[in-house]
2 protein chains.
Amino acid sequence: MAPLPAKPAMKDRILETADRLFYLQGIRAVGVDTIAAEIGISKRTLYNHFPSKDALISAYLARRFVAPRASDKSPVEQILGTFDSLERRFSHKDFRGCPFVNAVAELGEDRSVRKVAVAFKESRRLRFRDLLVQLGVANAEALATQLALLVDGSIAQDLVRNDPAMARAAKEAATVLLRNAGVKVGESSAAEKAQRSRKRAT
Amino acid sequence: MAPLPAKPAMKDRILETADRLFYLQGIRAVGVDTIAAEIGISKRTLYNHFPSKDALISAYLARRFVAPRASDKSPVEQILGTFDSLERRFSHKDFRGCPFVNAVAELGEDRSVRKVAVAFKESRRLRFRDLLVQLGVANAEALATQLALLVDGSIAQDLVRNDPAMARAAKEAATVLLRNAGVKVGESSAAEKAQRSRKRAT
DNA sequence: GCCTAGTTACACAGGTCTGTGTACCCATTT
DNA sequence: AAATGGGTACACAGACCTGTGTAACTAGGC
């Protein structure tokens with residue numbers, strides 16, 4: 001008996017809707033009734049697929065934890081491209097910060113939530129670290145942490161300010177940090193050029 | 001008729017308690033009953049001092065918005081001292097991130113909350129900018145934004161990781177950015193020295 | 001035609017939340 | 001002694017929340 005092929009549509013629909021509402025309005029702010037009503041199903045059906053709201057929350061966070069796909073671009077392009085991609089996401093009106101940080105902020109001391117949030121942050125830091133190692137940077141660990149700080153800083157700032165320029169500011173800071181670590185970075189923006197000429201003049 | 005001199009104790013007690021519980025457990029997670037019970041007063045008394053929970057939330061955020069006090073230290077010490085002070089706060093077990101970011105995260109599209117959060121973030125950025133101007137840094141605006149990113153990034157990272165070292169990482173990144181802008185920074189830590197010697201070797 | 005699995009409608013239990021209404025108490029002032 | 005202001009005790013309205021129980025419906029596979 002092949003495991004029913006086209007059947008798990010409902011569970012996905014529930015999860016997709018929960019994801020959207022949790023992320024946009026907050027986890028505590030969205031009730032299961034609201035999710036069911038949004039899809040047009042009965043609350044009973046929802047509870048037939050997820051045993052509790054907690055299970056739905058866990059599935060939501062697990063779904064947000066997507067592993068970064070491999071890329072054929074150069075390590076430097078991948079690192080700086082992270083900030084370009086952030087800027088695009090900031091410009092989207094539905095961007096509301098990091099779902100993991102938000103979940104920790106509103107669910108407080110919940111152990112499992114914190115655990116997945118830490119795992120997510122660490123996975124991004126490790127991706128930076130690996131790229132830096134490829135570039136031959138000596139202290140890749142410390143620099144990767146600093147790049148991760150810039151990512152989360154720009155996300156937090158955009159969450160309150162709704163200003164995609166925060167991603168560009170982070171990218172410029174990241175460029176300075178990379179150059180300081182001996183990485184050759186091409187494609188310098190006007191702002192960066194101004195910064196460097198200023199430095200020469202000093 | 002002098003306005004009752006020693007009387008506003010109760011209102012302050014309510015606000016102090018609300019502040020503590022809101023910050024530690026989240027605003028939505030704490031009910032007015034809980035706050036009243038914690039102080040040992042009746043819920044009626046609480047509502048005699050604040051017309052609604054929303055008013056209490058506003059007062060909580062206003063109370064957190066403390067203007068930075070003047071300092072006699074040098075601008076560089078003030079800027080880098082920000083990160084030392086962050087590290088101390090991270091080490092305290094009751095640190096739970098930035099109250100404004102957390103409030104925006106859990107209250108979502110609330111206009112007034114977003115407004116005060118933006119004002120707070122901007123006030124810190126302007127403080128950095130003024131200090132950088134005192135240092136004669138040319139592009140103080142952009143650098144101040146970058147320093148603010150490091151602050152918020154380390155706060156977000158510590159919120160999920162509970163790792164005060166995030167503040168030190170931010171400080172090292174800030175040091176690099178300052179030096180890159182032509183600022184003379186003394187007192188270099190071991191990590192920074194290593195970073196510079198590595199750079200020379202490249 | 002029949003069986004089964006998924007879905008539905010709907011009521012309800014039991015809890016929490018914000019906010020109000022009411023009557024009383026007690027201390028200080030006048 | 002009387003009045004006033006602040007606090008207390010307590011019930012309650014009305015909303016919303018999570019989660020369950022139950023009986024009926026419906027579509028596809030046999």
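Letters go in sequence order (proteins before strands), and every chain restarts at 1. Computed from a predicted model, the values in this text were never measured in an experiment.
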> Does OP1 or OP2 of D/dA9 have a side-chain N or O of B/Ser42 closer than 4.0 Å?
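Checking D/dA9 against B/Ser42, no side-chain N or O comes under 4.0 Å of OP1 or OP2.
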> Whole angstrom is fine here: how far is it from CD1 in A/Ile57 over to C1' in D/dT18?
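The answer, rounded to whole Å, is 11 Å.
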> For a 4.5 angstrom cut-off between non-hydrogen side-chain atoms, does A/Pro99 reach A/Phe120?
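Result no, sub-4.5 Å side-chain heavy-atom pair not found.
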> CD1 of B/Ile39 versus P of D/dG7: gap in Å, rounded?
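The distance from CD1 of B/Ile39 to P of D/dG7 comes to 11 Å, rounded to the nearest Å.
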> Report the distance from atom CD1 of A/Ile27 to atom C1' of D/dT18, rounded to the nearest whole Å.
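Distance, rounded to whole Å: 16 Å.
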> Any side-chain donor paired with an acceptor under 3.5 Å for B/Ser42 and B/Thr45?
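Note: B/Ser42 and B/Thr45 side chains meet the donor-acceptor criterion.
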> Has the side chain of A/Arg44 got a donor or acceptor atom sitting under 3.5 Å from an opposite partner on the base of D/dG21?
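Indeed, a donor on one side and an acceptor on the other fall under 3.5 Å apart.
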> Toward the 5' end of DNA chain D, which comes first, B/Thr45 or A/Val30, by nearest nucleotide?
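On the 5' side of the pair lies B/Thr45.
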> Rounded to whole angstrom units, what separation is found between the CZ atom of A/Arg13 and the C1' atom of C/dG6?
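Result: 13 Å.
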> Mind running salt bridge (Lys or Arg N to Asp or Glu O under 4.0 Å) on B/Glu16 and B/Arg63 for me, showing each step along the way?
CA-CA 9 Å; B/Glu16 186 275 329; B/Arg63 189 177 193 264; 5.6 Å; no
> Take the protein atom NZ of A/Lys11 and the nucleotide atom P of C/dA5, then report the distance between them rounded to whole Å.
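About 17 Å, once rounded to whole Å.
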> Does a donor on one side chain sit under 3.5 Å from an acceptor on the other, for A/Gln157 and A/Ser154?
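No donor-acceptor contact under 3.5 Å links the two side chains.
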> Is the phosphate of C/dG6 approached by A/His49 (side-chain N or O, under 4.0 Å from OP1 or OP2)?
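No, outside the criterion.
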> For A/Pro51 and for A/Thr34, locate the closest nucleotide of DNA chain D by heavy-atom distance; then report the residue assigned to the nucleotide nearer the 5' terminus.
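It is A/Thr34 whose nearest nucleotide is closer to the 5' end.
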> What is the distance, to the nearest angstrom, from the CE atom on A/Met10 to the C1' atom on D/dA27?
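These atoms are roughly 14 Å apart.
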> Pick out which of B/Lys171, B/Arg168, B/Arg89, B/Lys73 makes a salt bridge (Lys or Arg N to Asp or Glu O under 4.0 Å) with B/Asp84.
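Considering B/Lys171, B/Arg168, B/Arg89, B/Lys73, a salt bridge (Lys or Arg N to Asp or Glu O under 4.0 Å) with B/Asp84 is found only for B/Lys171.
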> Does the base of D/dG19 carry an N or O that pairs as donor and acceptor with the side chain of A/Lys43 under 3.5 Å?
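It does, because a donor-acceptor pair links the side chain of A/Lys43 to the base of D/dG19 below 3.5 Å.
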> D/dT18, C/dG19, C/dT8: which one has an atom nearest the side-chain heavy atoms of B/Lys53?
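Output: C/dG19.
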> Whole angstroms only, please: what is the CG-C1' distance between A/Leu46 and C/dA9?
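Rounded to the whole Å, the gap is 16 Å.
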> Using whole Å, what does the distance between atom P of nucleotide D/dT18 and atom CZ of A/Arg28 come to?
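Rounded to the whole Å, the gap is 10 Å.
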